[in-house]
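Just below is one structure, and these are the notes that go with it.
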Amino acid sequence: MNSIKLEKISLGYDSRLVLRDLSLEIYPNEVFAFLGPNGSGKTTLLRAIAGQLQPSNGVVYLDARRMNEISPKALAREIAALEQEIHSSFDFTVREIVELGRLPHLERWQRLSQQDRARITRALTLTGTLEFADRPVQQLSSGERQRVWLALALAQEPQILLLDEPTAHLDLRYQIEILQLIRRLAQGRLTVILSLHDLNLAARFADRVALLSEGQLLALGTPETVLTPENIERVYQMRVQRIALNGSSLVIVPAPHA
Amino acid sequence: MRHRTTICLSILVLLLLGALGVGLSLGAVPIGLDEIVALIFGRSGDPTQMLILGQVRLPRLLLAALVGGALGLCGAVMQGLFRNPLADPYLLGIAGGATAGAALTIALRWEIYWGAVPLGAFLGGLFAVTLVYRLGQTRWAKLDNYALILAGVALAALFSAVTSFLLYYYGGAGQDLRRLIFWILGGLGGAQWLYVGLLALVLFAVGALLVLFSRELNALSLGEEMAAHLGIQPRRLRRALLTAVTLLTASAVAVAGTIGFVGLVVPHILRLIVGPDHRLLLPASALGGAVLLTLCDTVARSFLPPTELPVGIITALLGAPFFLWLLHWRAARRAPGVSL
């Protein structure tokens, strides 16, 4: 089992509430995307699902357990999360970074076992980073680096993967590549919860999406049902059109005088 | 990886043995290395040489190695903890606190009690860091690093003012505060076997503990949030590591004053050579610090015999230009990888 349930949670920093009274469930092994404008609470919500931010009200459940009753280390064996911006302050190699994914599985005095090394190699292979495993991570392109962070998360062997805008700062090709990779990894083995800005990418790669607006859940369901021109206009205050192309529908913003 | 670790650490151990050998041989009265070997194996028994080596040079050299090791190790941990290659063991005001503590004990004429001044320095250092730590807490773990550094800078100024006041007031009243210079510049002239034993105990105990946290320090270099996602509790980690570093640094400062530059330069240089992995960097920095301070103290003793320079002057005199050259050479070779 690897499901998440949010029960009437309110989230905020200090006294400022970012999300109010939100309930939703994320099913095992689905790819679930949070959508919404800047400041709609996507990152905050992901932080709560990662167990890093305690709701001021309500409960987050991981399967049937209350999230706040699970120790941080045990949680890191089940949930891997990547921040939107990750920097390495020192010049570590790719392999050294990915090795850190084994931390939740090791005691302080334990060395990496043969099995740990196999897991690390597997994570490197799955993400196509094995070929530059011994290069410093700071020398890689942003697309390559994004795959390294993904390898780190996979080395944790999580049941649930949280990604905050994994396509930010990537060019078109890398955006598609990384999402295809994530989709392939999920394939009935992993629940993936991510935030995205691009509605069409979400429609293409997510099983279900949630549309957030000003800290509230506006719509929830399949991309087809959620990403209607009406919903999008309400959230983004932008007129959009939905067009059909090769059997899938695309949301586009027409030019003002077209 | 395993091979590289063994090779790097072996080279550093050999360098340390070499530095100790040179240090034993050089000084106001030079003693040849062959004579030292003969003394060690009991084939010669010159009592003067025995006395110089056993009671003067050896404890002093070992103390230099231990103090250097402590500073190198603590510097590496602080740089990792603050994710900043410019951090050093004195970042949180331990130097100012220790100097003020020593100044106070001397001003109050407690100097006559054995061990009072080192103890005063030790407690002063602990007090300063505790104060900085208390004042540097913020609601957000993410901001703690900045708040801590700022609190450290502010309190360093405060402690420096206290020291200056004591110097001015009691110095004006005719008290001899020259010994205070020792804490400000740092020196190993006060070496005793007892200090060697105590510091060795603290260094090996705390060092072993710190090495256990290497992987967590590695994880911290990805930021506190990512470290938390890996199951680490960054605040607890920081508290544990700062406590350990403070104890070790305060012990070193108590016996040798505030020797600058070792804790900054050594981890920095070694990171360029052995890489940033703290599993190797921490022991390497300890050994590198030991080598550097042993050599610097030898220079301090033999540069202008029979006068002896405070070793802090030598570490800065040698360390600063070398550090600058290294930065320049690195900048010329490739774009800066480690943000400064």
Side-chain angles (χ1 to χ4, degrees), chain A residues 13-15 43 46-47 49-53 70-93 95-112 117 134 136-139 148-149 152-153 155-156 158 161-164, chain B residues 1-2 4-5 76 79-85 87 138-142 145 208-237 240 267-268 271-272 274-281 330 334-340:
Chain A
Y13 305 96
D14 296 331
S15 55
T43 299
L46 283 174
R47 292 191 59 99
I49 297 174
Q52 303 297 339
L53 184 65
I70 307 172
S71 82
K73 205 166 168 178
L75 198 60
R77 289 192 287 265
E78 301 193 46
I79 300 182
L82 295 180
E83 294 284 313
Q84 190 178 339
E85 303 255 353
I86 307 172
H87 298 285
S88 171
S89 311
F90 299 112
D91 214 5
F92 285 102
T93 65
R95 191 185 299 276
E96 284 167 343
I97 296 277
V98 177
E99 273 181 19
L100 295 175
R102 298 308 296 165
L103 260 173
H105 299 271
L106 292 169
E107 296 299 333
R108 282 205 181 89
W109 55 88
Q110 275 180 323
R111 288 170 169 278
L112 291 174
R117 289 186 193 285
D134 295 310
V137 76
Q138 288 172 343
Q139 285 178 15
V148 173
W149 308 135
L152 161 67
Q156 277 176 259
L161 182 59
L162 302 180
L163 306 165
D164 194 1
Chain B
M1 173 67 206
R2 198 78 66 82
R4 231 165 69 83
T5 308
Q79 291 178 5
L81 198 54
F82 285 89
R83 301 200 296 282
N84 190 326
T138 57
R139 198 182 296 245
W140 293 103
K142 205 176 167 175
N145 277 352
L209 191 78
L210 286 172
V211 170
L212 276 180
F213 284 93
S214 307
R215 275 197 295 241
E216 278 153 278
L217 274 174
N218 287 352
L220 208 55
S221 99
L222 297 179
E224 317 231 321
E225 291 93 345
M226 279 309 295
H229 291 318
L230 291 166
I232 293 165
Q233 291 162 280
R235 277 194 156 159
R236 278 174 62 169
L237 177 67
H268 200 104
R271 192 176 296 110
L272 295 178
V274 307
D277 189 340
H278 290 91
R279 283 172 293 179
L280 174 54
L281 184 63
R330 228 174 100 74
R334 55 171 269 210
V338 178
S339 51
L340 270 171

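A donor-acceptor pair is defined here as one N or O able to donate and one able to accept, closer than 3.5 Å; no such pair exists between the side chain of Glu216(B) and the backbone of Phe213(B).
A salt bridge links Glu224(B) with Arg83(B): the closest approach of a Lys/Arg side-chain nitrogen to an acidic carboxylate oxygen falls below 4.0 angstrom.
Gln156(A) touches chain B through its side chain: at least one heavy atom from C-beta onward sits under 4.5 Å away, while N, CA, C and O do not. Interface remark: Ile232(B) contributes side-chain atoms only to the contact with chain A (heavy atom separation under 4.5 Å). Contacts between Leu100(A) and chain B at a heavy-atom distance below 4.5 Å involve backbone atoms as well as side-chain atoms. In this structure, the portion of Arg47(A) lying under 4.5 Å from any heavy atom of chain B is its side chain and not its backbone. Leu162(A) does not touch chain B: none of its heavy atoms, backbone or side chain, sits under 4.5 Å away.
Listed by chain and number, the residues in a side chain to side chain donor-acceptor pair (under 3.5 Å) with Ser214(B) amount to none (sequence neighbours excluded). Listed by chain and residue number, nothing satisfies the salt bridge (charged side-chain N to carboxylate O under 4.0 Å, His left out) test with Arg215(B) (two or more places apart in sequence, or in another chain).
Under the 30°/60° scheme for interplanar angles, the aromatic rings of Phe90(A) and His278(B) are found to stand perpendicular.
Per-residue counts of heavy-atom pairs under 4.5 Å with chain B were compared for Glu85(A), Glu83(A), Arg77(A); the largest is that of Glu83(A). Ranked by non-hydrogen atom pairs under 4.5 Å with chain B, the options Ala74(A), Pro104(A), Ala81(A) are led by Ala81(A). Highest contact tally toward chain B, considering only Ala80(A), Ala76(A), Ala50(A), Pro72(A), is held by Pro72(A) [criterion: heavy-atom pairs under 4.5 Å].
Smallest separation of non-hydrogen atoms from Asp277(B) and Asn218(B): OD1-ND2, 2.9 Å.
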